[in-house]
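Every chain is numbered from 1, with letters handed out A, B, ... down the list of sequences.
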Amino acid sequence: MQPNYQPQKIEAAAQQYWENKQAFRATEASDKPKYYCLSMFPYPSGKLHMGHVRNYTIGDVLARYHRMKGYNVMQPMGWDAFGLPAENAALANNVPPAAWTYSNIDAMRKQLQSLGLGIDWAREVTTCKPDYYRWEQWLFTRLFKKGIIYKKTSSVNWDPEDNTVLANEQVIDGRGWRSGALVEKRDIPMYFFRITQYAEELLQGLDTLDGWPEQVKTMQRNWIGKSYGCEIEFPYDASIGRAGTLKVYTTRPDTLMGATYVAVAAEHPLASQAAAGSPALAAFIAECKRGGTAEADMATMEKKGMDTSLFVTHPLNGDKLPVWVANYVLMGYGEGAVMAVPAHDERDFEFAKKYKLPIRQSIAVEGQSFSDAAWQEWYANKERGVCVNSGKYNSLNYEQSVDAIAADLQVKGLGQKRTQFRLRDWGISRQRYWGCPIPIIHCAQCGDVPVPDEQLPVVLPEKITITGAGSPLAKMPEFYQTTCPQCGGAAKRETDTMDTFVESSWYYARYTSPDCTTGMVDKARAQHWLPVDQYIGGIEHAILHLLYARFFHKLMRDEGVFGAPPSPQPSPTRGEEANDALRAFNPLDEPFKNLLTQGMVIAPTFCREGEGGKKLWINPADVDVKTDDRGRPVGATLRADGQSVIIGGTEKMAKSKNNGVDPQAIIDQYGADTARLFTMFAAPPDQQLEWNDAGVEGAFRFLKRVWAFGYLVKQVIDAKPASSYEFRKASGIGEVSISRSRSSDPKEVRREVHLVLKQANFDLAKQQFNTVASAAMKILNALEKLPIASQEDFAITKEGYSILLRLLSPITPHIAQTLWKELDYGDDILNAEWPKVDEAALVQDEIEIVIQVNGKLRGNLRVAKNADQATLEQLALSHDAVQKLLAGGTAKKIIVVPGRLINVVI
RNA sequence: GCCGGGAUGGCGGAAUUGGUAGACGCGCUGGACUCAAAAUCCAGUGUCUGUGAGGAUGUGAGGGUUCGAGUCCCUCUCCCGGCACCA
């Protein structure tokens, strides 16, 4: 055994050992319970970043821990290989997206392997390969025939200079990122997944996900946004062109009597109709169409509107209400029109003040007085309000007035109660090249015809030149010229590709049988491995990816992909009790049983002011930070020139701030175990992780101590000592006399080790790995204090060290495996049993309890473990500090918390 | 703007869920070893005050509940994630 810790050497050897044994190959043939551990697959950008290291280390810790706990673990890896960056790289470097992607995958696979992850690489899935996307196309054609996929027009960001659709991130301050042209909204036909048909099930399914963070479920609930309200129709007569009704949806029908105007979106038919006779209005509508489609922009822009000079009739009181066009009303939401109640909606209030529209109070709250001078919080309160100025509805509360108003609307045929979802259907058409081709053929005779099974996959041509303008496939006749599968006539293939969220919505299922050539998955293997027992990924995926994957799972279930009958679905008509039975987790309904969302990796930033105030960002690796004699930073200098630099904030590692740390550099210098230990130790998984070079050094130092201690144990083992003298000689104590203080008492050390192990088990259950790492440090600290001067000392040391290695094994597998074997604990720590707490070792005769006076710490006492309450009270009262504060008086009350404290109230 | 989080020493964080705030690590200070440095080891380290034992104070800000609050309630500030075409 080497006396020094040499990570490069032992990591290569351990990885070779696992490779030779095919240690991480997962098969269905096992009598152990299965554990499917999945980390979100990466986009193959070409370089591993710290976020990946963190994500995959967390997954690997869970996978290895469960293996030692006796599970048959499957941990796969693959590539989310379609997407925009490949096209951007093609533009920048003149490399075809396919070639760029495949070489990135090769580079990243090597990097991931150097981290020592326990991955079954035989299950690797690459989404840009036809054998994967073929089955996505297959599902598409089924869903198209079923009507789950349909076509409609929808708004996109249009760059009028490049004649290209832009992604939201390509729109910067309302302009195209490359052309700089002002972006406008343009309506184009797209394919949509009817996810709204599953809204109710997606909502109710959240109740079965006990293993998901409450935070994520709340975000999804709010995103789906089920609301209870009314649809209301405002009639108009032939005086404005032709007679009809304007339909709106509102969650506040109780305020209907306070409605003073209605507002429609710029794209609404009534708006177009009014614009025909008004150039000013037409100009305003054109202005509304300027800018991008991102919701955040729409919600933060200044609220603007214009009167159409049209009027509609209030359905209950017959008032004439003006129709306005407003930029904050969106055609894609609800009916594209809203009734405005300025007195009880903050947005309508602002709008009414700005355009001097009437504000009419229709809700009152006791003890509050209404004034239209300024908005007050209570105006929108629906719990405490009652109707006023509302005729026959006066003094009714929210529920009563909604019932009464809905009933009256229904009698008139002008409205009814309706539940509504905020969730919109999922548009998946992309006018891009590097994505999965949409398997549709457009025939002048037969319309949109799905590509027949025998013609799948529709293969994306990989030899191509990207220009950045327009859709490349639309310029390739050899791709789009085809014949109609139905009539055999000349036809045109669809040239749009699918949203890359489609590929990432079912990869978890494909991993169960990546080689299956007869369907999306092999039914038996999918049933064996699904659901994913533990899914790990960034919190930024809390809504979109995780919602789409849940949706896809249900689509596959209903298509019979898993080969089991679908479970009964929740339905409002089944009643609450019937639905209760569906609140238990069902692997056919939900793909991910447990979810862990990790925080981002952040790092300090440094910069200098360049010309014109432009900031030049400097990599932290090139900076020396000076501190005062207490360790507070007082300044920083650039190592290259010794001149000072500005210390910026701590931000997400990003190219734009030049504060990234290359994981490969850390692995090369310290080894994968150090990188893994630091990322686990520095913060709990769900929090942000601040990168810190000194902390990395600390992790490395700890592993060196672990190794050195192992070397010492090995020396004692090899010496085969038979007497106290020989133990002392072998462990290096020699003749030095030992005073057995509490920290060097063998029984106390053993107690400490088992106590820490107990806490570590608790922390592992909470998935709080930073304190598991600190538990390992505590165990080593305790063992180092115990002199090995006897057989008993050595037995406790060996037991403690075996616990330490097993605790470390999931986090730093290479060093743990190497030492496990060197010290003859066994051949393979992967299959070692997880250590058990010896409760007998924890027992103490005397315990320490705290004495408080009025809740303030005043001292402590060592008392017999089973002292009774009266004894404890007496002991507390006779305590010096308590006597002093009592000053001869008596205690009002004594609170005894068993095993913890006594609080004397005076 | 809307939805969801977060804030604890010089720094990352801990506190078994209302019971000793600051575990563990980093940094810093002093010491040992060394010709010296590195590495390693030992001791100390929230702040203020005191020679000292000690005392006061302290978990983003302000208020409240409680014998007792980092933890529960109310109000506010700042920071982060998402907002449907980045993945």
Next on the checklist: Both A:Ala699 and A:Leu689 contact RNA chain B. Which one's nearest nucleotide lies toward the 5' end?
Outcome noted: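 It is A:Leu689, whose closest nucleotide lies nearer the 5' terminus.
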
Checklist entry - For A:Ala682 and A:Val897, take the nucleotide of RNA chain B holding the closest heavy atom to each; which residue's nucleotide lies nearer the 5' end? => result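 Its nucleotide being nearer the 5' end, the pick is A:Ala682.
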
Starting at atom [atom1] of [X], determine the distance to atom [atom2] of [N], rounded to an integer number of angstrom.
X        : N     : atom1 : atom2 : result
A:Ile811 : B:G25 : CD1   : P     : 15 Å
A:Phe762 : B:A15 : CZ    : C1'   : 11 Å
A:Leu677 : B:G25 : CG    : P     : 12 Å
A:Ile906 : B:G68 : CD1   : P     : 13 Å

Item to check | With sequence neighbours excluded, residues passing salt bridge (Lys or Arg N to Asp or Glu O under 4.0 Å) with A:Arg550 | outcome: A:Glu590

Checklist entry - How does each nucleotide of nucleotides 80-87 of chain B score, in 5' to 3' order, for protein heavy atoms under 4.0 Å: base (B), sugar-phosphate only (S), or none (-)? => result SBSBBBSB

Next on the checklist: For A:Phe678 together with A:Tyr670, are the ring centres under 6.0 Å from each other?
Outcome noted: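 Centroid separation for A:Tyr670 and A:Phe678: 6.0 Å or greater.
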
Checklist entry - What do you reckon, are the aromatic ring centroids of A:Tyr507 and A:Phe41 less than 6.0 Å apart? => result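 Ring centroids of A:Tyr507 and A:Phe41 are less than 6.0 Å from each other.
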
Distance check, [atom1] atoms only: [N] and [M], in whole angstrom units.
N     : M     : atom1 : result
B:A38 : B:G44 : P     : 23 Å
B:A21 : B:U71 : C1'   : 11 Å
B:U16 : B:C67 : C1'   : 23 Å

Compare side-chain N and O positions of [X] against OP1 and OP2 of [N] and report whether any pair is under 4.0 Å apart.
X        : N     : answer
A:Asn770 : B:A14 : yes
A:Lys704 : B:U40 : yes
A:Asn903 : B:U66 : no

Non-hydrogen side-chain atoms of [X] and [Y] separated by less than 4.5 Å:
X        : Y        : value
A:Val338 : A:Asp345 : no
A:Leu901 : A:Ile849 : no
A:Asn168 : A:Asn157 : yes

Checklist entry - Charged N to carboxylate O under 4.0 angstrom, A:Glu87 versus A:Arg178? => result no

Checklist entry - Could A:Lys354 and A:Glu302 be called an ion pair, given the rule that one side-chain N must be under 4.0 Å from one carboxylate O? => result yes

Checklist entry - For B:U57, does the glycosidic angle fall within 90° of 0 (syn) or outside that (anti)? => result anti

Checklist outcome for this item: For RNA chain B, the dot-bracket notation using Watson-Crick and G-U wobble pairs below 3.5 Å, [ ] for pseudoknot-type crossings and | for other-strand pairs, is (((((((..(((......[....)))((((((.......))))))((((....))))..(((((..]....))))))))))))....

